[in-house]
A.B. asks: 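Shown below is the structure under consideration.
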4 protein chains.
Amino acid sequence: MIEEELMLQQLFDEDKLTDKQKKIITAAIETFSEKGYAASSTSEIAKKAGVAEGTIFRHYKTKKDLLVSIVAPLMTKFIAPLVVKDFNKLLDREYETVEEFLRATIENRRDLLIRMLPVLKIMLQEIPFQPELRAQFFDLVVKNIFNSVEKVIKGYQEKGLLIDMPPESIARLTITNILGFLFSRYILFPQLEWDDELEIERTIQFIMHGLGKKD
Amino acid sequence: MIEEELMLQQLFDEDKLTDKQKKIITAAIETFSEKGYAASSTSEIAKKAGVAEGTIFRHYKTKKDLLVSIVAPLMTKFIAPLVVKDFNKLLDREYETVEEFLRATIENRRDLLIRMLPVLKIMLQEIPFQPELRAQFFDLVVKNIFNSVEKVIKGYQEKGLLIDMPPESIARLTITNILGFLFSRYILFPQLEWDDELEIERTIQFIMHGLGKKD
Amino acid sequence: MIEEELMLQQLFDEDKLTDKQKKIITAAIETFSEKGYAASSTSEIAKKAGVAEGTIFRHYKTKKDLLVSIVAPLMTKFIAPLVVKDFNKLLDREYETVEEFLRATIENRRDLLIRMLPVLKIMLQEIPFQPELRAQFFDLVVKNIFNSVEKVIKGYQEKGLLIDMPPESIARLTITNILGFLFSRYILFPQLEWDDELEIERTIQFIMHGLGKKD
Amino acid sequence: MIEEELMLQQLFDEDKLTDKQKKIITAAIETFSEKGYAASSTSEIAKKAGVAEGTIFRHYKTKKDLLVSIVAPLMTKFIAPLVVKDFNKLLDREYETVEEFLRATIENRRDLLIRMLPVLKIMLQEIPFQPELRAQFFDLVVKNIFNSVEKVIKGYQEKGLLIDMPPESIARLTITNILGFLFSRYILFPQLEWDDELEIERTIQFIMHGLGKKD
DNA sequence: TATGAATGAGCTTTCATTCAT
DNA sequence: GATGAATGAAAGCTCATTCAT
C-alpha cells in the first residue's frame, strides 16, 4: 500500500486529488489488477477504498471512466517518459554499449516496473477490449516512443552496435522481451523460484546475441 | 465461421458433440474472444448460437464450465502436440539447423495459429484470473513442453547449435517471441500493415542472432 | 381490479400476453396513474403485480418501454375507434340532434370512460414530457380523429345544426369540455359530491347553447 | 429569462428573497416545468441556478419544500387576485357584457398568462399527486374564487345576462375552457400555427353561445 | 451564509441459473 | 433433449440530503 502510494504520487500528483479520490484510485488499481475490469464490482472497490459507493460515481461518471482515469495518465505521464528519458541519456553517451543501456534501464527501474505491474497488467488486459484505450495507447505511447526511438537506434546502427533492421522492428522485439519477462515472472509463474538478476542478464544477452552459438 | 469449424473439428471431434453443442462452443469462442469472459453474457452466446439459453446450461453446468470446456482441450490436445510433435521431428533430424526448425514450425502452422487466435486470446486473457486454468496450464502445457523440450535443446546444444543456457530459459525466450509477435500482429496492432513473411523472418533471425552486430 | 381487467381485455386481447405480463400491465397502470411515471418505481410495480422485478425487464427492455406499451395501444386501439365509431353512427343518422349524439356518446360510454381514467390520466400527465408519446399522440389520435370528424361536422353544419366555425375549433372545444369535466370530476375534485347525470346534462347544454341567456 | 423575472417580481417581491434564492426559484420553475417535478434533480436545478447544491437545502428544507414554495404563493397571491379583481371590476360595472369581461380578462392578461404558464403547468401536473398541494389549492383557490364569484354571477343572472345555472358549474365551465385553450395552445400543440386573436374570440363566443345554431 | 464532497438508500437494469412444459 | 419464461441476487448508477469547512 505504501509502495503503491509512491507510484500514485508520481502518477497523479499533478492533479489535485482529494484523499478519498486517491483511496479510490488505489483500490481500483488493486481490484482491476486482481480480477480484471469486467469482473470487478464498484461496490467491492468502494469497500476496499473505505468510501461509499456513491462517492466513486461523484468523481467518475461511469465505471469505465474510472478505468480510463487510471490507465490514461499512466500512458501519458509514465511509460513514454520512462523510455524516452533513457534513450536521451543514451544519446548523451552515458552508456557505451547497448547491453549497458538495457541493463541500466531494467535494473535501475526494476522497482518502479514492479510497482507499475498492477497498472501495466490492467493495461495489457483491457487494451484488446476497449477501443478507446487502444486508440489512446496508440497515439500516446506507440507513436511517441517509436518516433523518439528512431534516431537513437539509427545512431547506434551508425556506430555499428546494432544490426541493420528497421527501428520499428528493433523496438518491437526489445519491448516484447522486456514485457515478456515481466509477464512470465510476475503474472504467469510468480510461484516459481526465479533468480531475477540472472534471468535479466540472460534476457539482455539474448536480446543482443540470440540463441545461436558463435564459432 | 467455416474456418473456425475446421478448428473445432480438430479440437473437439473426438468427443461426440451434438450439433447444438458445436454451435454453442463456436459462439462462445467468438464472444469470449471479442469481449472477454466476464463481459460476455450467456444470453448473447445463446442468441449467437441459435439455441435457447437453457440449452447452454443443460450441457455446461455453469458459465465457467463453458470456459473451461473450451480452453482445457486446447491445452491438452492442441498446444502440447503442436510443439512436441515438431520437436520429435527435430530429434529425427528432419531439420539441420534451428532456424529451419523455427521457420518450419511457424510457417507450417501459421494458418493453424491464426485460426487458433481466438482461443489463444481467451487463454491469455483468462489464465491470470482463473486459478483453475492456471493450474491446468501449468500441468498440461508448461510441464509437458518443458520436459520434452529439454533433451531436444540439449541435443542441439551438444551439436553446438545453441548456446549454453538452461533449457527452460531458452524455451521461455523462444515462446515469448513467437507469442509476442502474434500478440502484436493480431491483437494489439491488427490495423497496421504488416509484411508477415518478412517480420517472421526477422523474428527468427532475432531469436538466433540477437540485435548486436557481429564484426 | 376486476373492472380493469375488462378494459385490459379490450385493450390488449389481440396480442397474446402471458398471465404475468397482464399482471404487470395492470399494476403499472395503477401505479403510474397514482403516482405519475417518474415517481413510480419498478420494484413497486413488480411487488404489486406479484412478479420478480427481473420479469418486468424480460418483457419490457426499459421502464419507458413499459410506459409506451401501455399508452400506445390505448391511442391506436381505443381512443380513435371510440370517437370515430360514434361519428360514423352519426353519419348513419342514428341521432337526429347533436345533443342526442353527445348525450349518447358520454352516457353510453361513461363506464368505459371511467374505467379508462387511469390510463387517460397517465396519457395526459406524460404527453407533455415524452416527445415520443407526443408524436404518437399527434399522429394516431389527433390526425385520425380530426380527419374523420371534419365531414361529420360539416354534415351537421349543412343541416343547420352547428354554427359556422372551422371543424378543428369545434372539435377542440367539444373535446376540451368532455375531458375537462372528467378531469374536474375524477382527478381534481373526486372528494366533492357530484350529481353526475345533472352535471353531464349541464355540460351538454353548455356545449350547445353557451352561458348567455337568450331572450 | 427577463420575462420570467418580471413574473417573479410580481410573485415573490414581497418576501425579501436573496439574489441566490431568486435564481433558485427561477431555475426550479424552468426545470420542473420542462421535466416535471419527480424527473427534475436538485443538482440540475443548482447547476442551472449557478449555486451549490447545498445552498438549495439551506433555503428549502426538502425538494418538496421547493415545489410548495413555488406553487403556494402562485395560488394565494396570483390566481385568486387575478379572478377576484376582475370580478370586482365587473361588479363595478366596468364591463357591460360578459363577453367584454371575458375578452378583457383574457386579452389584458394574456402576456401574464403566458408568462405564468410554466408555473401553471407545474401546478396542473403536481396537484393530482401532491395531496398537500391539492388541499391548498382547494382552500385557497377554489373556495375563495367560488365564494367571491357567486354573487357576481348572481348579479349577472339577475341582469339576465347569464343563464340560470349554479354558479359553481358556471365557474367550472368557464375556467375549463380558458385553461383548455391555454393547454392546447401552449402545451399539447405548440408546434401548430395558431391565430391567437381569432381562437380566443371563438372561445369567448363558444362560452357565451355554444355550438348550436340559433334560428 | 455558501459551499461541494460525501453519503447511503434506493433506483433501473443485467444476468447466470432454474424449472415447468 | 430443448425450450424460454421466470427468478432474485447483484450490478451500475442516481439523487436528496448532510455537514465540515
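All of these numbers come straight from a predicted model, not from anything done at the bench. Throughout, protein chains are lettered first and strands after them, A, B, ... in sequence-line order, and every chain is numbered starting at 1.
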A.B. asks: For E/dT1 and D/H59 - does any side-chain N or O of the residue sit under 4.0 Å from the phosphate oxygens OP1/OP2?
C.D. replies: no
A.B. asks: What's the CD1-C1' distance between D/I56 and E/dG4, to the nearest Å?
C.D. replies: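 Nearest whole value for this atom pair: 12 Å.
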A.B. asks: Can you sort out the partners of A/T62 under side chain to side chain donor-acceptor pair (under 3.5 Å), two or more places apart, ordered by chain and number?
C.D. replies: none
A.B. asks: What is the distance, rounded to the nearest whole Å, between atom NZ of C/K23 and atom P of F/dA5?
C.D. replies: 17 Å
A.B. asks: Grab the CG-P distance between C/L67 and E/dT13 for me, whole Å please.
C.D. replies: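 Value for this atom pair: 12 Å.
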A.B. asks: Using atom CD of C/Q21 as one end and atom P of F/dG4 as the other, report the distance to the nearest whole Å.
C.D. replies: 15 Å
A.B. asks: For the side chain of A/A52, counting heavy atoms from C-beta on, which of F/dT7, E/dT7, F/dG4 is nearest?
C.D. replies: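 Nearest to the side-chain atoms of A/A52, counting from C-beta on, is E/dT7.
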A.B. asks: Spell out protein contact along nucleotides 13-21 of chain F as letters: B when the base is contacted, S when just the sugar-phosphate is, - when no protein heavy atom is under 4.0 Å; keep the 5' to 3' order.
C.D. replies: BB-BBB---
A.B. asks: Please report the shortest heavy-atom distance between A/R134 and A/I127, naming the atom on each side.
C.D. replies: NH1-O, 3.3 Å
A.B. asks: Roughly, in whole Å, what's the span from NZ in C/K35 to C1' in E/dG10?
C.D. replies: 13 Å
A.B. asks: Please give the stem ranges for DNA chain E, sorted by first residue number, where a stem is three or more consecutive Watson-Crick or G-U pairs and both donor-acceptor distances are under 3.5 Å.
C.D. replies: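 E:2-21 with F:2-21 - these are the stems of 3 or more pairs that involve DNA chain E.
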A.B. asks: C/Y60 OH to F/dA6 C1': how many Å, rounded?
C.D. replies: 14 Å
A.B. asks: Can you check the C/E44 CD to E/dT12 C1' distance for me, whole Å?
C.D. replies: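 Computing the C/E44:CD to E/dT12:C1' distance gives 14 Å.
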A.B. asks: Please output the side-chain donor-acceptor pairs of residues 31-39 of chain A that fall under 3.5 Å, not counting sequence neighbours, one pair per line with the distance.
C.D. replies:
unit_1, atom_1, unit_2, atom_2, d
A/T31, OG1, A/A27, O, 2.7
A/T31, OG1, A/K48, NZ, 3.3
A/K35, NZ, A/E44, OE1, 3.3
A/K35, NZ, A/E44, OE2, 3.1
A/Y37, OH, A/K64, N, 3.1

A.B. asks: Report the distance from atom CG of B/D19 to atom C1' of F/dG1, rounded to the nearest whole Å.
C.D. replies: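 Those two atoms, CG and C1', are 13 Å apart.
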A.B. asks: Partners of B/S41 by side chain to side chain donor-acceptor pair (under 3.5 Å), sequence neighbours excluded?
C.D. replies: B/S43
A.B. asks: Does any non-hydrogen side-chain atom of B/I25 lie less than 4.5 Å from one of B/Y60?
C.D. replies: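 They are in contact (side-chain heavy atoms under 4.5 Å apart), so the answer is yes.
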A.B. asks: Show the nearest heavy-atom pair for residues B/I29 and B/P118, with the distance to one decimal.
C.D. replies: CG2-CB, 3.7 Å
A.B. asks: So which atom in A/Q125 and which in B/P128 form the shortest heavy-atom distance, rounded to 0.1 Å?
C.D. replies: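 Shortest heavy-atom separation between A/Q125 and B/P128 comes out as NE2-CG, 3.5 Å.
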A.B. asks: Of all heavy-atom pairs between D/V68 and D/P73, which one has the smallest distance, and what is that distance?
C.D. replies: O-CD, 3.7 Å
A.B. asks: For C/T42, check side chain to side chain donor-acceptor pair (under 3.5 Å) against everything at least two apart and list the hits.
C.D. replies: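 Partners of C/T42 by the side chain to side chain donor-acceptor pair (under 3.5 Å) criterion, ordered by chain and then number, come out as C/E53.
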